[in-house]
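Everything quoted here is computed from the prediction, not taken from an experiment.
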Protein chains: 2
Amino acid sequence: MREHPCRLEGPHHTVADQNDALMTSVARMYYLDGLGQSEVANICGVSRSTVSRLLTTARERGIVRISVDEFDPRDRDLEARLVERFGLRRAIVVREMGGTPASTRRAVGYFAAPVLAEWIGERRLVGLAGGRTLGELVHHIESRTRGTGSAFVQLMGTIGSSPGRIDASELSRTLARRFQGTFLTLNAPAFAQSQRARDLFLSHDEIRSIWSAFDALDLALVGVGSLDESAFLERGVLTDETCAELRAGGAVGEICGRFFDERGRECPSGLRDRVVSIGLDALRACGDVAAVVSGPSRTNALRAAIRGGIVTSVVIDQVGAHGLLGAG
Amino acid sequence: MREHPCRLEGPHHTVADQNDALMTSVARMYYLDGLGQSEVANICGVSRSTVSRLLTTARERGIVRISVDEFDPRDRDLEARLVERFGLRRAIVVREMGGTPASTRRAVGYFAAPVLAEWIGERRLVGLAGGRTLGELVHHIESRTRGTGSAFVQLMGTIGSSPGRIDASELSRTLARRFQGTFLTLNAPAFAQSQRARDLFLSHDEIRSIWSAFDALDLALVGVGSLDESAFLERGVLTDETCAELRAGGAVGEICGRFFDERGRECPSGLRDRVVSIGLDALRACGDVAAVVSGPSRTNALRAAIRGGIVTSVVIDQVGAHGLLGAG
DNA sequence: CTCCAGCCTGCACGGATGTTCACGCACGTT
DNA sequence: AACGTGCGTGAACATCCGTGCAGGCTGGAG
C-alpha cells in the first residue's frame, strides 16, 4: 500500500507492455468477480484511475462484451392498426412504461428520435412547430457528423418575449444544428397584438419568404393542443374568455396556434386573425405532416386533425394510441 | 420533473407489474445506449434508486449478460516444470502483472485462493503458519455456506504481545471461521524468553495436545523466510547478532521460526532452543506441506526447503518460479 | 550529450452509483 | 370492518467511479 518506492519495473512501460493480459484480468476481476476498482488496483499494483481507464479500453476493444435481451420499445401491432384505421402514412407507437406524463413524453422522444431522424433523412425542407413532446423528440436526436444540407423552418412565431426551450424557433434551431443544416427563422411573435399588426408582419419581406417556404415543405413536425390542457393557457396567451368562444365554435384542438373543429376546419376567434403561423391548408398541401403527441388527453384533438386531413403520420404513446382506436 | 402528483397509476404496483419489459428497456438504455441512471429514471418515470435496483436484478436474472475474454491467471507451463524439476506434489504459479511487492502478494493470494480452497477441501486437520503472502491467501478465501468439519491449527506461537493480522493464530482463526471449522490455538509466544521457559510451555497439557495434533496433519500451509528480508527482523525478534550467527551456521531460510541450511537441516542458534512451533521433521512427516511465497528474494530459501524435503508443494508468483528454475 | 515532444501515470475533484432507512399502500387476518 | 404484516418505493447518505490536470519518463532529433 505504501511500498510504491520499491517497484520492480520502471513505471512508464509497465502497463502498456502487457496490455492485453492486464486488461483482461482487470476486466474479469471487475465484471465477473465483482471486485471494486480499488481492490483491483491494489491487486494489480496500479492506481485506481488506471483501472478505470483499462476497463474503458477493454470495453472498446471488445474484451468485455455486454449484451441485453432484445426489446422493441415500439408497439408494432398498434402501429399497424393505426395506419390501417386512419389511412396514415406512418405511425410510431411507443410502449408505455407507466410513469408520469413528463416521463411518457421523454420516453416517446427518446425512442422515436432515431426513427424520426430517418424520416427527416435527406428531406430538403422540414418545418417544425413547438410543444413539449416534440421538444423531447428533438432533444434526443443525435448530432450528425456529416450534414445533409437540409433546411429547417419554424412553422409559427415565438410565444412571449423570451423564447422558451420548446418554442418552434428553438426546436428548429436545435435540429438544424444537429443535422448541420440551415435554420430558417420566422422572426415574429406567435400572436400579434392586432390583426393590423399581424398583417404588417406578414407583409415583411423576410416573413413573406418564409411563407413561400411553407409551400415547399417536404415534412412538417407538429404538436397537437387541446383546449383543456393547452400550453397557451399556461403561458397566458389564451384567456378563459377566448377559450369559451372557441368551444362555442366547436373547436376541439389546435395546431400551430390554429384551432379546428371535429372535421379539421379552422374555427374563427379573436386569435385566428392575430396568429402568425402556417395555415392549416398549407399543412394539408404539404402532404406529410407528422403529429408528435403524448398523453391521453389529446385523443379527440388528434383524431379530428387526422380525419380533417391535416395530419398524415403520428408519433404517440401506447395509451394515446389506444385512445385513438378506442372510441371513434 | 415536478409532476409527480399527477401519476396515472398507484405508486405501488406500477413497476413490479411490467417487470420484465421495464427491466429490459432500462438495461438497454443503461448498458447499450450509455445513458446515466438518472436519465433512464426520468424517461421511465421511476426514481433513480429503482433504476439501480432494476439493473441489479436484470443482471441477476440474466437479462444482462457480461462476458470477458478468457484469461488464465496461472502459468501452467511453469507449474509443470516446477513439478517435474523438483518432484513436487503440486504447484501454483500466478502470472506476474508487474506491480509492487505488495500487489504481487495480493495477486498471488487472490488467484491462488480458490485453488487452495480445493486443496483444503475435506481435509480433517490443516496447519497454518504466519506470513504476509499466506495472509493474503487466507484473506481471499471465500466463506463457505456449509462447513466441512475441518480443524485448523496454528503451527507456531504468536510474535509479540499483540497478534498482528498475519500471525499464525489470526490466520488459523480466520480460516476456521471461513470454513465453519474448528480452530486449535497454540497459546504461546513464538519465542520464549529462555529454553527453560520454552520447555515449560511445551509441558503444558493444552500445548502438548497441539503437539500431538502436529503428528496428524493432513496439510500444512507455511511461508518461507529469508535472512535478508525477514519479518522477524522487522518485528525485532531477530537481532543482527543472531542473524550473523545463523549465517555462519549456513542458514539460508526459515519456516515457522526454524532456520535451515541448504540441505534443509535445522541450524542451531539461540532462537532454536526458544522457539515454540512445529519442528521441521514433523513437517517432513506430514508429507503435504505447501509453501506460499511471493517475491524474488526467497528463491534460495525455498529451494533449500524443497530439496530438504520440508516442502512438497508451492504457491508462488511467476518471477519467483523463474528464480527457482533459473539457477539451481 | 542535451533538448524537446509526446505519452502515460497518479492525484484531486465533481458527479454518478449503491445502500440504508422510514414511509405508505395492499393484502391477509381477526 | 379494522388491524397487522409485508413489500416495494423514494429520499438521504456514503461510497465509488470518471475526468481534467500537472509531473516525469522515454525516445528521437539536433
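- Of the possible donor and acceptor atoms, none in the side chain of A:T57 sits under 3.5 Å from a partner among the backbone N and O of A:E60.
- Going from atom CZ of A:R59 over to atom C1' of D:dG18 covers 10 Å, rounded to whole Å.
- Interface remark: the A:S38 side chain does not form any donor-acceptor pair with the D:dC16 base, using a distance-only criterion of under 3.5 Å.
- Closest to the B:R53 side chain, of the nucleotides D:dG20, D:dT9, D:dA12, is D:dT9.
- Separating the CZ atom of B:R48 from the P atom of D:dT9 is a distance of 15 Å, rounded to the nearest angstrom.
- As a whole-Å value, the separation of A:E60 CD from D:dG18 C1' is 13 Å.
- OP1 or OP2 of D:dG10 sits under 4.0 Å from a side-chain N or O of B:T50.
- Nearest to the side chain of B:S49, among C:dG10, D:dG10, D:dC17, sits D:dG10.
- We find that CG of A:L55 is positioned 15 Å from P of D:dC16, with the value rounded to whole Å.
- The closest donor-acceptor contact from the side chain of B:T56 to the backbone of B:S52 lies under 3.5 Å.
- Atom CD in B:Q37 sits roughly 16 Å away from atom P in D:dA11 (whole-Å rounding).
- Under 4.0 angstrom from either OP1 or OP2 of C:dT17 there lies no side-chain N or O belonging to B:S52.
- In this entry the distance linking CE of A:M29 with P of D:dC16 reads 17 Å, nearest Å.
- Rounded to whole Å, atom C1' of D:dT19 lies 15 Å from atom CG of A:L54.
- At least one donor-acceptor pair closer than 3.5 Å links the side chain of A:R178 to the backbone N or O of A:I141.
- Note on ring orientation: taking the six-membered ring where Trp is involved, the planes of A:Y110 and A:H140 are perpendicular (angle over 60°, cut-offs 30° and 60°).
- Distance from the side chain of A:S47 is smallest for C:dG10 among the nucleotides C:dT19, D:dG18, C:dG10.
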